[in-house]
Colleague: 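Supplied in structure tokens, the structure appears directly below.
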2 protein chains.
Amino acid sequence: MNNCSYIKNKELHRHDERTEVSAHEVSLDTLFELSEFFKFFGDTTRIRIIHLMLSGEISVNDIAEKLNLEQSVVSHQLRILRTANLVKPRRDGRKMFYSLDDEHIGLIFNTGLTHILHKKGK
Amino acid sequence: MNNCSYIKNKELHRHDERTEVSAHEVSLDTLFELSEFFKFFGDTTRIRIIHLMLSGEISVNDIAEKLNLEQSVVSHQLRILRTANLVKPRRDGRKMFYSLDDEHIGLIFNTGLTHILHKKGK
DNA sequence: TGAAAATATGAATAACTGTTCATATATTAA
DNA sequence: TTAATATATGAACAGTTATTCATATTTTCA
């Protein structure tokens, strides 16, 4: 199946139910969206792309070269990140520059990174 | 394929390479582990289980009842979370109680939740 | 010991996901 | 317009994942 299911799922699972037991009153819908959100961070290619963007805007080809990935792989993943509003595009001539769309993205990345490094004992 | 691949992958992808371009000197290995870590949060069932545990220790059957899931679904997911050291088990008679193993888990959950709620404009 | 309760596990399956390859689109420059 | 460059997209495929169902294990209690 193609990558559009990232969006498709979001619609299919949407509903109004709420979790009966919840210390913080988080709706089932919100919990679903939260898991969908974390999915974007749950892939090596996307995490590496996000990591690159922590240093700022970067073009598609530059990502592909620096990460040693095929251009289409990068484009496909950027499409997923763009659709989810995690990154935003800017055109400059025939190049496209992408950057992180939300200040939270870097925060979440670093929170997870802190955990990993802590586990490793560094 | 069975759920053991969560552990299997971790071994297969381990290596010493480092990303050449990196503002924060994060190794390719660490970036891979980071994406594997976020994967645990990228499933509705696991997120709901983690959410329940924010309120403290809980038994397998209580999870299944409160989330309206089959017992084996909960056990399978708990096995994944336990293997990844995200939750820890405690036996009391014939019941097993599970709780979050690391203070970071709640932090990451809430950081993501803040993002989702912010996006929703609440 | 035997039955019941609580949990864990294995195999099978359906659905999802990332990559690959080929090709399309868009922009610039000659 | 044509060629070249940069990026996007679609279809197919292989690998992965969550769930289901059946069964095994562990512990308690009669």
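Only heavy atoms go into these numbers, but all of them, side chains included; no hydrogens, no water, no symmetry mates. In what follows, chains carry the letters A, B, and so on, assigned in the order in which the sequence lines appear, proteins first and then strands, with residues in each chain numbered from 1.
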Colleague: Whole-Å distance between C:dT17 P and A:Phe40 CZ?
Modeller: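 Going from CZ in A:Phe40 over to P in C:dT17 covers 9 Å.
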Colleague: Among all residues two or more places apart in sequence or in another chain, which pass the salt bridge (Lys or Arg N to Asp or Glu O under 4.0 Å) test with B:Arg90?
Modeller: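 With neighbours one apart ignored, the set is B:Glu57.
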Colleague: When the distance from CG of A:Leu69 to C1' of C:dT20 is rounded to whole Å, what number comes out?
Modeller: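 It works out to 13 Å between those atoms.
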Colleague: Under 4.0 Å from OP1 or OP2 of D:dT19: is there any side-chain N or O of B:Thr45 that close?
Modeller: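 For D:dT19, OP1/OP2 do have a side-chain N/O of B:Thr45 under 4.0 Å.
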Colleague: Within the structure shown, what part of the strands sits under 4.0 Å from A:Ser59 by heavy-atom distance: base, sugar-phosphate, or nothing?
Modeller: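 Here A:Ser59 touches the backbone only, sparing every base.
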Colleague: Which atoms form the tightest heavy-atom contact between A:Phe40 and A:Arg46, and what is the distance?
Modeller: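 Nearest pair, atom of A:Phe40 first, then A:Arg46: O-NE, 2.9 Å.
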Colleague: Identify the heavy atoms of A:Lys88 and A:Leu100 that sit nearest to each other, and give their distance.
Modeller: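 Closest approach of A:Lys88 to A:Leu100, heavy atoms only: NZ-O, 3.4 Å.
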Colleague: Taking only the side-chain heavy atoms of A:Arg79 (C-beta and beyond), determine which of C:dC21, D:dT9, D:dA18 contains the nearest atom.
Modeller: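 Selected nucleotide: D:dT9.
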Colleague: Using the side-chain heavy atoms of B:Lys39, tell me which of these nucleotides is nearest: D:dT17, D:dA18, C:dT19.
Modeller: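 Nearest nucleotide to the side chain: D:dT17.
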Colleague: Could you list the residues that satisfy side-chain hydrogen bond (donor to acceptor under 3.5 Å, both in side chains) with B:Arg94, not counting sequence neighbours?
Modeller: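 Residues passing side-chain hydrogen bond (donor to acceptor under 3.5 Å, both in side chains) with B:Arg94: none at all.
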Colleague: Do the side-chain N or O atoms of B:Arg46 get closer than 4.0 angstrom to the phosphate oxygens (OP1, OP2) of D:dA18?
Modeller: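 It does, given that an N or O in the side chain of B:Arg46 lies less than 4.0 Å from OP1 or OP2 of D:dA18.
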Colleague: Between P on D:dA18 and CG on B:Leu78, what's the gap in Å once rounded to a whole number?
Modeller: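 One finds 13 Å between P of D:dA18 and CG of B:Leu78, rounded.
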Colleague: Over all strands shown, is A:Tyr98 touching base, sugar-phosphate only, or nothing at heavy-atom distances under 4.0 angstrom?
Modeller: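 If one applies the 4.0 Å heavy-atom cut-off, A:Tyr98 turns out to touch the sugar-phosphate alone, with no base involved.
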Colleague: Rounded off to whole Å, could you give me the CZ-to-P distance for the B:Phe41 and D:dA18 pair?
Modeller: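 So the two atoms are 14 Å apart, to the nearest Å.
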Colleague: Considering residues at least two apart in sequence or located in another chain, which fulfil the ring pair (Phe, Tyr, Trp, His ring centres under 6.0 Å) criterion with A:Phe41?
Modeller: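 Partners of A:Phe41 by the ring pair (Phe, Tyr, Trp, His ring centres under 6.0 Å) criterion, ordered by chain and then number, come out as A:Phe37, B:Phe38.
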Colleague: Heavy atoms under 4.0 Å is the rule here; annotate nucleotides 23-30 of chain D 5' to 3' with B where the base is hit, S where only the sugar-phosphate is, and - elsewhere.
Modeller: ----BB--
Colleague: Can a side chain N or O of A:Asn61 be found less than 4.0 Å away from OP1 or OP2 on D:dT5?
Modeller: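 For D:dT5, OP1/OP2 do not have a side-chain N/O of A:Asn61 under 4.0 Å.
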Colleague: Round to a whole Å and report the spacing from CD of A:Glu65 to P of D:dT5.
Modeller: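 To the nearest whole Å, that distance equals 13 Å.
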Colleague: In whole angstroms, how far is the C1' atom of D:dA8 from the CD1 atom of A:Ile49?
Modeller: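 Rounding to the nearest Å, CD1 of A:Ile49 and C1' of D:dA8 are 14 Å apart.
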Colleague: Quick check against the 3.5 Å criterion: does B:Thr30 have a side-chain atom that pairs as donor or acceptor with the backbone of B:Val26?
Modeller: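 No, B:Thr30 side chain to B:Val26 backbone: no donor-acceptor pair under 3.5 Å.
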Colleague: Just jot down the side-chain hydrogen bond (donor to acceptor under 3.5 Å, both in side chains) partners of A:Ser75, sequence neighbours excluded, or say none.
Modeller: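 Residues passing side-chain hydrogen bond (donor to acceptor under 3.5 Å, both in side chains) with A:Ser75: A:Gln71.
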Colleague: Taking only side-chain N and O atoms of A:Gln77, does any of them lie within less than 4.0 angstrom of OP1 or OP2 on C:dT19?
Modeller: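 Yes, because at least one side-chain N or O of A:Gln77 sits under 4.0 Å from OP1 or OP2 of C:dT19.
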Colleague: Applying the 5.5 Å / 30° rule, does A:His76 stack onto the base of D:dT9?
Modeller: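 Per 5.5 Å and 30° rule: yes, stacked.
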Colleague: A:Gly42 or A:Ser72: which one's nearest nucleotide on DNA chain C is closer to the 5' end?
Modeller: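 This one resolves to A:Gly42.
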Colleague: Of the candidate nucleotides D:dA18, D:dA6, C:dC21, which contains the atom at the shortest distance from the side chain of B:Ile80?
Modeller: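 From the listed options, D:dA18 comes nearest.
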Colleague: Under the side-chain hydrogen bond (donor to acceptor under 3.5 Å, both in side chains) rule, collect the residues that match up with A:Glu70, sequence neighbours excluded.
Modeller: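 So A:Glu70 forms no side-chain hydrogen bond (donor to acceptor under 3.5 Å, both in side chains) with any residue.
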Colleague: What is the distance, rounded to the nearest whole Å, between atom CZ of A:Phe97 and atom P of C:dA26?
Modeller: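 A:Phe97 atom CZ is separated from C:dA26 atom P by 20 Å.
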Colleague: Would you mind reading off the distance between B:Glu70 atom CD and C:dA6 atom P, rounded to a whole angstrom?
Modeller: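 Atom CD in B:Glu70 sits about 17 Å away from atom P in C:dA6.
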Colleague: Select one nucleotide: of C:dT9, D:dT20, C:dT20, the one nearest the side-chain heavy atoms of A:Val73.
Modeller: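 The answer is C:dT20.
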